[in-house]
There are 2 protein chains.
Amino acid sequence: MKNNIRVERAIINITQEELANRIAVSRQTINAMEANKYVPSTILALKIAKVFGKKVEDIFILEKHD
Amino acid sequence: MKNNIRVERAIINITQEELANRIAVSRQTINAMEANKYVPSTILALKIAKVFGKKVEDIFILEKHD
DNA sequence: TATGAATGTAAAGTATATTTTACATAATGA
DNA sequence: TCATTATGTAAAATATACTTTACATTCATA
């Protein structure tokens, strides 16, 4: 699975830390997500999509091997 | 967070085991999700929504305390 | 009533998400 | 140049997702 967090973050111009604060996780969690270091929980996916005003499917994209 | 898995499953008339097979998890994982025993990963949420032909937001709903 | 299919549940084990702390680096502006 | 802000990264600790095995229960139906 890949994601567009970095791009969406750029669109609304917020830092990793701001996004982290808005969804109540650590900044490292955001950084690791953007680096595809792990798969976030559905709660985080819903919150992130909400911050960006988009659907989860618009931010997180399944890949063949998933 | 709550979810509509049981209802969506009833709509397309498949068992927990069939859903489990389709998204490649154990039947107990589906059962536990329906019982809100844990929060699934975003990969599973995306796969489940896909099986039901809906958006993640239509199946998984954030609650106040999330 | 007996049988099978679907579901509920529990315990133990493994994998992985997330936090915390800490430090390093890059970029920007005073 | 110096200070600040944003980002990358890593290790250790903790929480939780998910599997496997196993058994119990419910429900429909022969």
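Convention: sequence-line order gives letters A, B, ...; per-chain numbering from 1. Just so you know, these numbers use all the heavy atoms, side chains as well, and skip hydrogens, waters and symmetry mates.
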[X] has an atom [atom1]; how far is it from atom [atom2] of [N], in whole Å?
X	N	atom1	atom2	result
A:Leu19	D:dA6	CG	C1'	14 Å
A:Tyr38	D:dA10	OH	P	15 Å
A:Asn36	C:dT16	CG	P	15 Å
B:Leu44	C:dT16	CG	C1'	12 Å
A:Ile30	C:dA17	CD1	C1'	13 Å
A:Asn13	D:dT7	CG	C1'	15 Å
A:Met33	C:dT16	CE	P	17 Å
A:Ile43	D:dA17	CD1	C1'	12 Å

- [ ] Identify the two heavy atoms, one from A:Asn3 and one from A:Glu34, that lie closest to each other, and give their separation to 0.1 Å.
- [x] OD1-CA, 4.3 Å
Task: Selected nucleotide, minimal atom distance to B:Pro40 side chain, candidates D:dT19, D:dC18, C:dT19 - done: D:dC18
Ignoring backbone atoms, establish whether [X] has a side-chain N or O less than 4.0 Å from OP1 or OP2 of [N].
X	N	answer
A:Arg9	D:dT7	yes
B:Thr15	C:dA6	no
A:Gln16	D:dT5	no

Open item on the list: Classify A:Ser41 by what it touches in the nucleic acid, base, sugar-phosphate, or nothing, heavy-atom distance under 4.0 Å.
Closed with: sugar-phosphate
- [ ] Name the nucleic acid region contacted by A:Thr29, choosing base, sugar-phosphate or nothing; use a 4.0 angstrom heavy-atom cut-off, strictly under.
- [x]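 Base, at least one base heavy atom under 4.0 Å.
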Open item on the list: Just so I know, are the side chains of B:Glu8 and B:Ile11 near enough to count as touching, which here means a heavy-atom distance under 4.5 Å?
Closed with: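 Of all side-chain heavy-atom pairs linking B:Ile11 with B:Glu8, at least one is under 4.5 Å.
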Starting at [atom1] of [X], measure out to [atom2] of [Y] and round the result to the nearest 0.5 Å.
X	Y	atom1	atom2	result
A:Gln16	A:Arg6	CD	CZ	6.0 Å
B:Asp66	A:Thr42	CG	OG1	11.0 Å
A:Phe52	A:Lys47	CZ	NZ	14.0 Å

Strictly under 3.5 Å: I want the nitrogen or oxygen pairs between protein and nucleotides 9-14 of chain C, one per line.
unit_1: C:dT9; atom_1: O4; unit_2: B:Gln28; atom_2: NE2; d: 3.4

TODO: Let me know, please, whether A:Val39 or B:Glu18 comes out on the 5' side of the other along DNA chain C by nearest nucleotide.
DONE: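 Looking at DNA chain C, the more 5' nearest nucleotide goes with B:Glu18.
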Task: Nearest-nucleotide comparison on DNA chain C, the residue closer to the 5′ end among B:Ile14 and A:Val25 - done: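 Residue closer to the 5' terminus by nearest nucleotide: B:Ile14.
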Task: Exam field: side chain A:Asn4 to backbone A:Phe60, donor-acceptor pair closer than 3.5 Å - done: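 Answer holds: no.
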Task: A:Asp58 (side chain) donor-acceptor with A:Lys55 (main chain) under 3.5 angstrom - done: yes
